[in-house]
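Keep in mind it's a predicted model, so treat the numbers as computed, not measured.
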Amino acid sequence: MVSTLAHAQPNGMDDVTHDVTNQAPPLTPYDASDDTALLEGLRREGAGWAEDGVRRLGLRAGGAEAQEWGEQANRHEPELRTHDRYGNRVDEVDFHPSWHHLMGAAVAEGLAGAPWADDRPGAHVARTAGGLVWGHTEAGHGCPTSMTYAAVPALRRQPELAKVYEPLLTSREYEPGLRVPTQKRGLLAGMGMTEKQGGSDVRTNTTAATPTAEPGVYTLRGHKWFTSAPMCDVFLVLAQAPDGLSCFLVPRVLPDGSRNPFRIQRLKDKLGNRSNASSEPEFDGTVAWLVGPEGQGVKTIIEMVNCTRLDCVMMSATLMRKTLVEAGHHVRHRSAFGARLVDQPLMRNVLADLALESEAATTLTLRLAGAADRAVRGDAGERTFRRIATAIGKYWVTKRGPAFTAEALECLGGNGYVEESGMPRHYREAPLLSIWEGSGNVNALDVLRALGRETGAADALFAELALAQGADARLDAAVTRLKGRLADASPSGARRLVELMALTLQASLLVRHAPPAVADAFCATRLGGDWGYAFGTLPDTADLDGILERALPGGE
């Protein structure tokens, strides 16, 4: 006998078992600028005039189109073409259209070199705030925009070259494709420093620069190990000239329209940052123009490095905020054990702890951007503060990124572990920012170098910390400890010293500018020791509600 039950089940009955319940709806569209700490910092650091633009960009960044661009640019990775169909060497990298959409938007919004052509106070702060929201799309295309921004002050060491190239590097026109630079509406810049044998120790570079009969013009021969965004129009490159390590401008296309030898041996197969091409170019008879004096290559290019280090801090802070928003959205819509996750006390502790870390990173990023902006405009004190504080921020904020991103991913559980969520992409991206532009050790030792060589560096740091003196006993005690440690600072203890510098600097900013719920919890945990070894270990005295109401966009 045939079961009547079998006949009672209509075709498609299996769909009933796949009714979707207790899952978060898509986050997109959302407002990436819905971040109180960011907007307050924007105003405080002198760029309140840019708020409308930042808010508009935040809506665009969180919109469906831009989010799809980010996903597509990482799914369809760049492809190297060394030769054309006829066998001619071309050394080009092909990108998915979404990459170009992201780049076009970033350049048009002034996230590349545009601030250098903007006389308004706060222009560099406005760019950083724009990066903090536009970075919610994807991280890879931030590399060429960052290098383009950073190339301008280094190129100014050679005024005759800056006169030609600066107007194009500060343009808001994105024009991809290799052509004579001066025939384009806008340019992108990259840099080539590291080599196989030295990495961050660029003084061991072996790429040779040979003078030609034309003053200031050289030919290069050598092989670079990491040169990202190889489709940029010009590159600042370090090479050994007769009088020592020097900085050079290398265009991909020469003034006569011929290709400058820039042989891309391969693209790196990286952990993350997949949308961005990182290459190994070989120079052989490559024409280059000297930037700055011979033998002063590091001194010339260091201003570029300072700018890109700030962008590493910015991008780490952006990644923290992006993943916190994702985690907060998920837990507001997901229930477990009879309550929404966001209402579970332990989950609230985790989210609040992440929110503290995110706000501290964002606030420090904007303070550094403010220092950079005022330094450009001639403030010597801010220039000194920027020198040491950027290295401190680069060490600490980028170090916190991977642990933060892992914890935010865990808030989504298994849903966060699948590629479709986007969280694995963010997790793979996080370690990059502590490696590029000098790893943790390099930056920690650079802080010691600044203390030893830069007149007034320690005074500038303590002057900043003194602005919060007396506001919190734990912060005052930490500053006293810091002064004691400076007396016997050593290379082996550099990380511990710089960590305390970073925490006191972040705490001083939060004590002065954040609500008591945020400042008190940060000082109690990061400075007072009332904390565990993982996120989600805030003390019972922490005002979780106050922290979360400030941090989670759109309320709970």
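Under a 3.5 Å cut-off, the side chain of Asp118 and the backbone N or O of Ala114 do not form any donor-acceptor pair. Side-chain atoms of Thr137 come within 3.5 Å of backbone atoms of Trp134 as a donor-acceptor pair (strictly under, hydrogens ignored). Side-chain N or O atoms of Thr525 include one that pairs as donor or acceptor with a backbone N or O of Ala521 at under 3.5 Å. A distance-only check finds no donor-acceptor pair linking the side chain of Lys399 to the backbone of Lys394 [under 3.5 Å]. Of the possible polar contacts, none joining the Asp530 side chain to the Pro539 backbone as a donor-acceptor pair under 3.5 Å is found. Listed for the Thr537 side chain is a donor-acceptor partner under 3.5 Å among the backbone atoms of Ala534. Looking at Gln67, its side chain does come within 3.5 Å of a backbone N or O of Ala61 through a donor-acceptor pair. With hydrogens and angles ignored, the 3.5 Å screen pairs no side-chain donor or acceptor of Gln344 with any backbone N or O of Leu346. The main-chain N or O of Val313 is never found under 3.5 Å from a side-chain atom of Thr398 such that the two would form a donor-acceptor pair. Checked by atom type and distance alone, the side chain of Asn22 never pairs as donor or acceptor with a backbone atom of Arg334 at under 3.5 Å.
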side-chain contact (heavy atoms from CB on, under 4.5 Å) assessment of Arg485 paired with Arg496: CA-CA 9 Å; Arg485 289 185 185 178; Arg496 191 167 183 175; 3.6 Å; yes

Steps toward ring-ring contact (aromatic ring centres under 6.0 Å, His included) verdict (Tyr30, His329): CA-CA 10 Å; Tyr30 72 101; His329 176 77; 8.5 Å; no

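By the 6.0 Å contact criterion, CD on Glu419 is enclosed, its count of non-hydrogen atoms from other residues, nucleotides or ligands being greater than 12. Residue Glu420 qualifies as open at atom CD: its count of foreign heavy atoms under 6.0 Å is 12 or below. In the displayed structure, Glu79 atom CD is contacted under 6.0 Å by at most 12 heavy atoms of other residues, nucleotides or ligands. Annotation for Phe95: atom CZ counts as buried by contact number, over 12 foreign heavy atoms lying within 6.0 Å.
Using a 3.5 Å distance cut-off with no hydrogens or angles, the side chains of Asn273 and Arg428 do not pair a donor with an acceptor. Looking at Ser275 and Glu138, their side chains do bring a donor and an acceptor atom within 3.5 Å of each other. A donor-acceptor pair shorter than 3.5 Å cannot be found between the side chains of Asn443 and Asp446. Residues Ser279 and Lys268 have side chains that never bring a donor and an acceptor to within less than 3.5 angstrom of each other. In this structure, a donor-acceptor pair under 3.5 Å is present between the side chains of Asp353 and Trp531.
Residues Met320 and Leu324 form no side-chain contact, since every pair of their non-hydrogen atoms from C-beta on lies 4.5 Å or further apart. Using a 4.5 Å heavy-atom threshold, the side chains of Glu407 and Val350 count as touching. Within the 4.5 Å cutoff, the side chain of Asn415 has heavy atoms near those of the Gln23 side chain. Using a 4.5 Å heavy-atom cutoff, the side chains of Phe535 and Glu410 are not in contact. Under the 4.5 Å side-chain criterion, counting only non-hydrogen atoms from C-beta, Asn276 is in contact with Trp99. Inter-residue side-chain proximity for Phe462 and Leu465 is flagged as met; some heavy-atom pair is nearer than 4.5 Å. Side-chain atoms of Asp373 and Glu45, non-hydrogen and from C-beta on, never get closer than 4.5 Å to each other. Between Glu326 and Leu27, the closest side-chain pair of non-hydrogen atoms falls below 4.5 Å.
Electrostatic pairing of Arg526 and Glu357 counts as a salt bridge here, judged by a charged N lying under 4.0 Å from a carboxylate O. The existence of a salt bridge linking Arg550 and Glu40 is confirmed by a sub-4.0 Å separation between a basic side-chain nitrogen and an acidic carboxylate oxygen. Salt bridge status for Glu109 with Arg56: present, with a side-chain N to carboxylate O gap under 4.0 Å. Using a 4.0 Å cut-off between charged nitrogen and carboxylate oxygen, Arg425 and Glu429 do not count as a salt-bridge pair. A salt bridge is absent between Glu499 and Arg495; no separation between the charged side-chain nitrogens and carboxylate oxygens falls under 4.0 Å. Between Asp472 and Arg512 there is no salt bridge, since no side-chain nitrogen of the basic residue lies less than 4.0 Å from a carboxylate oxygen of the acidic one.
Rounding to the nearest 0.5 Å gives a distance of 11.0 Å between CD of Glu549 and CG of Leu544. Here Thr145 contributes atom OG1 and Leu188 contributes atom CG; the two are 8.5 Å apart, rounded to the nearest 0.5 Å. Distance check: Leu59 CG to Asp31 CG gives 4.0 Å after rounding to the nearest 0.5 Å. Interatomic distance, Leu505 CG to Trp396 CH2, rounded to the nearest 0.5 Å: 13.0 Å. Here OH of Tyr395 is found 13.5 Å from CZ of Arg309. Values are rounded to the nearest 0.5 Å. To the nearest 0.5 angstrom, Ser421 atom OG is 10.0 Å from His330 atom NE2.
Among the candidates Asp543, Asp545, Asp540, the single residue satisfying the salt bridge (charged side-chain N to carboxylate O under 4.0 Å, His left out) test with Arg348 is Asp545.
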